[in-house]
Peer 1: 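Below you will find the structure I want to go over with you.
Remember, it's 1-based here, ligands and their atoms both numbered in the order they're listed. Values below: every heavy atom of this structure, side chains too, minus hydrogens, waters and symmetry copies.
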Amino acid sequence: MSSCQPAEALDQQRILTGISAAARAGLRSLTVLGEVDSSNRFLLEGESFGEAGVHVCVAEAQSAGRGRRGRPWVSPGGANLYLSVLRTFDVVPEFLQGLSLAVGVAVAKAMQSLDVQGIALKWPNDILLGGAKLGGILLETSARGRGPWRVVTGIGINVRMPAEAGASIDQPWTDLAAHGAHPGRNRLASRVLSQVILAQAQFAEAGFEIFRRDWERLDGLRDRQVELHDASGSRQGIARGVDAGGALLLEIQGRCERVVSGDVSLRMVF
Ligand code: BTN
């Protein structure tokens, strides 16, 4: 498809057909919406998604798309991919850090399967292409008590961001079209779902450890000088990969500090 043609409409049947048989086996529902406030909220608060198994929502547009750290996720209609996956986990909430990194590996594999070269990951949840943000991952849970926990994994990927909408994004961003990639949103959704559903099942069995090597191969900040901002202020260090739980290892003056996600932001220092 050339970048001048309108994006293909999302189609539930086409997405379903493109999902691998292994991933489809665990799928309970796949909802395609014209517009929703947030596909994450839709699954998290929807009463009809209580049944065990995987529930998916894909939306053409979001009027209140949610990003990390309370930021909005710019979600114009018919342009990009906005997708959420609901699944129940028995693991304790601290494990969710590793789950979000495992999902990053899954999204990178989906991109590679579509011949998109050069994807990198930026801890904790950014998907980069050519050094700019192509997409992001937001995990939300309605965790209460001892679990099991309903976890919604939201994934946003910029496919062909209209210039006007892109102008309101407050960080360097890119889209697939700018890199000559036009996979089609239905095919992209199918590939991402095939990988993410599989990765979540593997994570439920074995945790983050089995994803760690792949994550470190994709680590766009490895051995780079970075600046970290959190509630206690900002500090600089060298990014040294992640530990077995997915915490960032930051070398500061020769000592290694373990940083857990949360209200943390990270930027590269040039
Ligand atoms: C980030 O800030 O990097 C995370 C962005 C996550 C955006 C996706 S789009 C689909 C899903 N629904 C939402 O409201 N947010 C996530």
Peer 1: Which atoms of ligand 1 are found less than 4.0 Å from any heavy atom of G65?
Peer 2: 14 (O)
Peer 1: Please verify whether a non-hydrogen atom of Q62 lies at under 4.0 Å from ligand 1.
Peer 2: yes
Peer 1: In Å, rounded to the nearest 0.5 Å, how long is the span from CZ of R66 to OG of S39?
Peer 2: 9.0 Å
Peer 1: Can you find a side-chain donor-acceptor pair between R191 and S113 that sits under 3.5 Å?
Peer 2: yes
Peer 1: Please confirm whether the backbone N or O of P148 pairs with a side-chain atom of D90, one donor and one acceptor, at under 3.5 Å?
Peer 2: no
Peer 1: How far is atom 10 (C) of ligand 1 from its nearest protein heavy atom, and which residue and atom is that?
Peer 2: S39 OG, 3.3 Å
Peer 1: Just need the protein heavy atom nearest to atom 5 (C) of ligand 1, so name the residue and atom and give the distance.
Peer 2: W73 CE3, 3.3 Å
Peer 1: Would you mind listing which atoms of ligand 1 come within a distance below 4.0 Å of any non-hydrogen atom of L83?
Peer 2: 10 (C)
Peer 1: Can you name the atoms of ligand 1, numbered from 1 with element, that are less than 4.0 Å from a heavy atom of I137?
Peer 2: 4 (C)
Peer 1: Within a distance under 4.0 Å of any heavy atom of S84, pick out the atoms of ligand 1 and give their elements.
Peer 2: 11 (C), 12 (N)
Peer 1: Would you give the length of the straight line joining atom CZ of F49 to atom CG of L86, rounded to the nearest 0.5 angstrom?
Peer 2: 8.0 Å
Peer 1: Taking only heavy atoms of K133 into account, list the atoms of ligand 1 that are under 4.0 Å away from them.
Peer 2: 1 (C), 2 (O), 3 (O)
Peer 1: Tell me, which protein residue and heavy-atom name are nearest atom 2 (O) of ligand 1, and how many Å apart are they?
Peer 2: R68 N, 2.7 Å
Peer 1: Test your reading of the structure: does N125 have an N or O sitting under 3.5 Å from an N or O of ligand 1?
Peer 2: no
Peer 1: Please give me the minimum heavy-atom distance between A199 and A102, naming the atom from each residue.
Peer 2: CB-O, 4.3 Å
Peer 1: Which heavy atom of A23 sits nearest a heavy atom of I197, and at what distance?
Peer 2: O-CG2, 3.7 Å
Peer 1: For E8 and N186, which I'm curious about, is there any donor-acceptor pair between the side chains at under 3.5 Å?
Peer 2: yes
Peer 1: Could you identify the single nearest non-hydrogen protein atom to atom 15 (N) of ligand 1 and state the distance to 0.1 Å?
Peer 2: R66 O, 2.7 Å
Peer 1: Less than 6.0 angstrom from the centroid, inside 45 degrees of the normal: does R87 satisfy that with respect to the ring of F89?
Peer 2: yes
Peer 1: Report, in ascending order of atom number, the atoms of ligand 1 lying under 4.0 Å from any heavy atom of S38.
Peer 2: 12 (N), 13 (C), 14 (O)
